[in-house]
There are 2 protein chains.
Amino acid sequence: MGIDMEDLRKRLKEKGHKMTTQRRVILDAIIENRDEHLTPEEIYDIVKTKYPEIGIATVYRTLQLLEKLNIICRLNFDDGYNRYELNYDSEEEQHHHLICLNCGRVMEVKLDHLKSLEKQIEDENDFKVVDHNVKFFGYCTDCQ
Amino acid sequence: MGIDMEDLRKRLKEKGHKMTTQRRVILDAIIENRDEHLTPEEIYDIVKTKYPEIGIATVYRTLQLLEKLNIICRLNFDDGYNRYELNYDSEEEQHHHLICLNCGRVMEVKLDHLKSLEKQIEDENDFKVVDHNVKFFGYCTDCQ
DNA sequence: TCGATATAGAGACTCTTTGTCAACTATAAG
DNA sequence: CTTATAGTTGACAAAGAGTCTCTATATCGA
Ligand SMILES: [Mn+2]
Ligand SMILES: [Mn+2]
Ligand SMILES: [Zn+2]
Ligand SMILES: [Zn+2]
């Protein structure tokens with residue numbers, strides 16, 4: 001999976017941050033729910049079962065930090081919440097999302113075509129692409 | 001362009017809504033700034049110059065209504081605001097956005113490849129695609 | 001013109017997210 | 001093992017986007 005707690009400690013130290021129980025527990029929650037796309041509030045609820053004293057502000061702060069360190073990434077499913085998932089970037093496991101408009105189910109897909117699309121965009125628009133965000137909305141097997 | 005006020009009146013009436021000055025003025029503002037991607041607040045500010053008594057809640061309500069009627073569509077540039085633009089859907093003028101991470105400039109691109117990508121997704125995932133959302137983040141000519 | 005119905009504006013309110021600050025703690029140096 | 005100190009936390013306040021409620025008003029077909 002590529003992220004353990006020693007890795008986290010190292011990455012934190014590099015930028016002058018400290019390893020704390022709160023940060024460990026929050027990343028734990030995300031790792032243990034790696035197939036979900038959790039909101040800060042959901043993460044807060046999960047973490048509270050292990051660490052009831054934690055404050056919601058710490059959750060928000062930690063999510064921002066982990067995002068800045070490229071350990072997690074923020075998603076937007078147009079449902080009014082920020083959502084987070086582990087960043088698989090380094091492992092060439094980039095994926096995108098299919099979101100069911102009926103039941104809310106989220107499926108993940110890999111899209112190989114996107115590299116050539118990016119290339120085309122860079123050439124035609126003189127625009128240096130560094131990130132993309134692709135979502136498809138529709139109906140899943142059960143909801144068609 | 002395909003949208004004038006008589007068209008709007010007709011579309012409103014079809015769903016049991018009335019044509020009001022406020023709605024007219026709000027759509028006007030969007031049409032007159034068709035090359036922008038305005039936030040509700042920005043639209044409010046523009047509209048207030050012509051119609052100072054208008055309330056922000058009316059702007060929000062009208063935007064929701066126009067979106068429901070498929071006259072405008074809501075965009076998300078991950079900057080914490082909803083944004084709106086005219087819906088060119090019916091005219092096969094679908095476009096997507098390149099967003100500069102440095103200066104915030106937004107460019108529009110047409111992506112023909114997406115139709116085949118959608119087809120591939122439908123076939124491989126048994127997922128009926130009805131909408132997609134594609135954004136590229138990077139650096140524009142001036143900011144590279 | 002009139003009446004039924006939809007709509008507007010004001011402002012309170014919700015909800016997510018951020019800021020403030022005193023108390024606390026991880027870490028490195030001694 | 002202390003101690004110093006810079007980073008971190010939790011509580012709470014507050015921001016900020018968007019929504020709701022309520023009464024007065026405007027629209028539009030009859
Ligand atoms: Mn995912
Ligand atoms: Mn556009
Ligand atoms: Zn479904
Ligand atoms: Zn730029």
Side-chain angles (χ1 to χ4, degrees), chain A residues 5-6 8-29 37-69 71-72 74-84, chain B residues 5-6 8-29 37-45 47-69 71-84:
Chain A
M5 288 307 155
E6 268 320 301
L8 175 59
R9 166 174 264 117
K10 202 178 62 191
R11 293 220 228 173
L12 286 168
K13 183 149 52 178
E14 272 170 16
K15 307 269 184 189
H17 298 292
K18 293 172 178 173
M19 172 64 122
T20 65
T21 310
Q22 290 90 337
R23 288 170 179 172
R24 205 186 341 248
V25 175
I26 287 168
L27 185 56
D28 266 342
H37 303 88
L38 300 173
T39 66
E41 203 74 34
E42 288 169 341
I43 291 167
Y44 179 53
D45 289 340
I46 293 167
V47 166
K48 264 197 300 192
T49 65
K50 292 183 180 169
Y51 197 109
E53 321 89 285
I54 201 163
I56 184 78
T58 300
V59 174
Y60 279 103
R61 280 185 299 234
T62 301
L63 291 173
Q64 284 176 339
L65 182 62
L66 293 176
E67 190 192 358
K68 208 171 62 187
L69 296 176
I71 291 170
I72 62 177
R74 184 166 48 91
L75 307 172
N76 183 298
F77 290 169
D78 275 338
D79 60 355
Y81 297 98
N82 282 329
R83 295 176 176 278
Y84 291 88
Chain B
M5 288 305 155
E6 268 320 300
L8 174 60
R9 165 172 265 117
K10 202 178 64 192
R11 293 219 229 172
L12 286 168
K13 183 150 50 178
E14 272 171 16
K15 307 270 184 190
H17 299 292
K18 293 174 178 171
M19 172 64 121
T20 65
T21 310
Q22 290 88 340
R23 286 170 181 173
R24 204 183 345 243
V25 175
I26 288 168
L27 186 55
D28 266 342
H37 304 87
L38 301 172
T39 66
E41 203 74 35
E42 287 167 342
I43 292 168
Y44 179 53
D45 288 340
V47 166
K48 264 197 301 193
T49 66
K50 291 184 182 171
Y51 197 110
E53 321 89 286
I54 202 164
I56 183 78
T58 300
V59 175
Y60 278 107
R61 279 184 301 232
T62 301
L63 292 173
Q64 284 177 339
L65 183 62
L66 294 177
E67 190 192 358
K68 210 171 61 188
L69 296 175
I71 291 169
I72 60 176
C73 44
R74 184 165 48 89
L75 307 172
N76 183 299
F77 291 170
D78 276 338
D79 60 355
Y81 299 97
N82 283 332
R83 294 177 176 277
Y84 292 89

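Note that the structure is a prediction, hence the values are computed from the model and not measured. A, B, ... follow the sequence lines: proteins, then strands. Residue 1 opens every chain.
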Where the side chain of B:Thr62 meets the backbone of B:Thr58, is there a donor-acceptor pair that is under 3.5 Å apart? yes
Sugar-phosphate only, base, or nothing, as touched by A:Tyr44 at under 4.0 Å among non-hydrogen atoms: nothing
Any side-chain heavy-atom pair from B:Ile26 and B:Ile43 closer than 4.5 angstrom? yes
For A:Gly16, which contact category applies under a 4.0 Å heavy-atom criterion: base, sugar-phosphate, or nothing? sugar-phosphate
Within the structure shown, what part of the strands sits under 4.0 Å from A:Ile54 by heavy-atom distance: base, sugar-phosphate, or nothing? sugar-phosphate
How about A:His37 and A:Phe77: are their ring centres within less than 6.0 Å of each other? yes
Is it the case that C:dT5 (base atoms only) and B:Lys18 (side chain only) share a donor and an acceptor within less than 3.5 Å, ignoring hydrogens and angles? yes
Below 4.0 Å: OP1/OP2 of D:dA26 and any side-chain N or O of B:Thr20: no
Nucleotide D:dT8, atom P - distance to CG of A:Leu66 in whole Å: 12 Å
Closest to the A:Tyr51 side chain: D:dG10, D:dT27, D:dC28? D:dG10
Using a distance-only criterion (donor-acceptor N/O pair, under 3.5 Å, no hydrogens), is the base of D:dG7 paired with the side chain of A:Arg61? no
What contact category does B:Glu41 fall into here, base, sugar-phosphate, or nothing, at under 4.0 angstrom with non-hydrogen atoms? nothing
Which is more 5' along DNA chain C, the nucleotide nearest A:Ile56 or the one nearest B:Ala57? Just name the residue. B:Ala57
Intermediate values then yes/no, side chain to side chain contact (heavy atoms under 4.5 Å, CB included), A:Leu66 and A:Leu8: CA-CA 9 Å; A:Leu66 293 176; A:Leu8 175 59; 3.9 Å; yes
Select from A:Arg23 and B:Gly80 the residue whose nearest nucleotide in DNA chain D is closer to the 5' end of that strand. A:Arg23
Taking OP1 and OP2 of C:dT16, is either one under 4.0 Å from a side-chain nitrogen or oxygen of A:Tyr81? yes
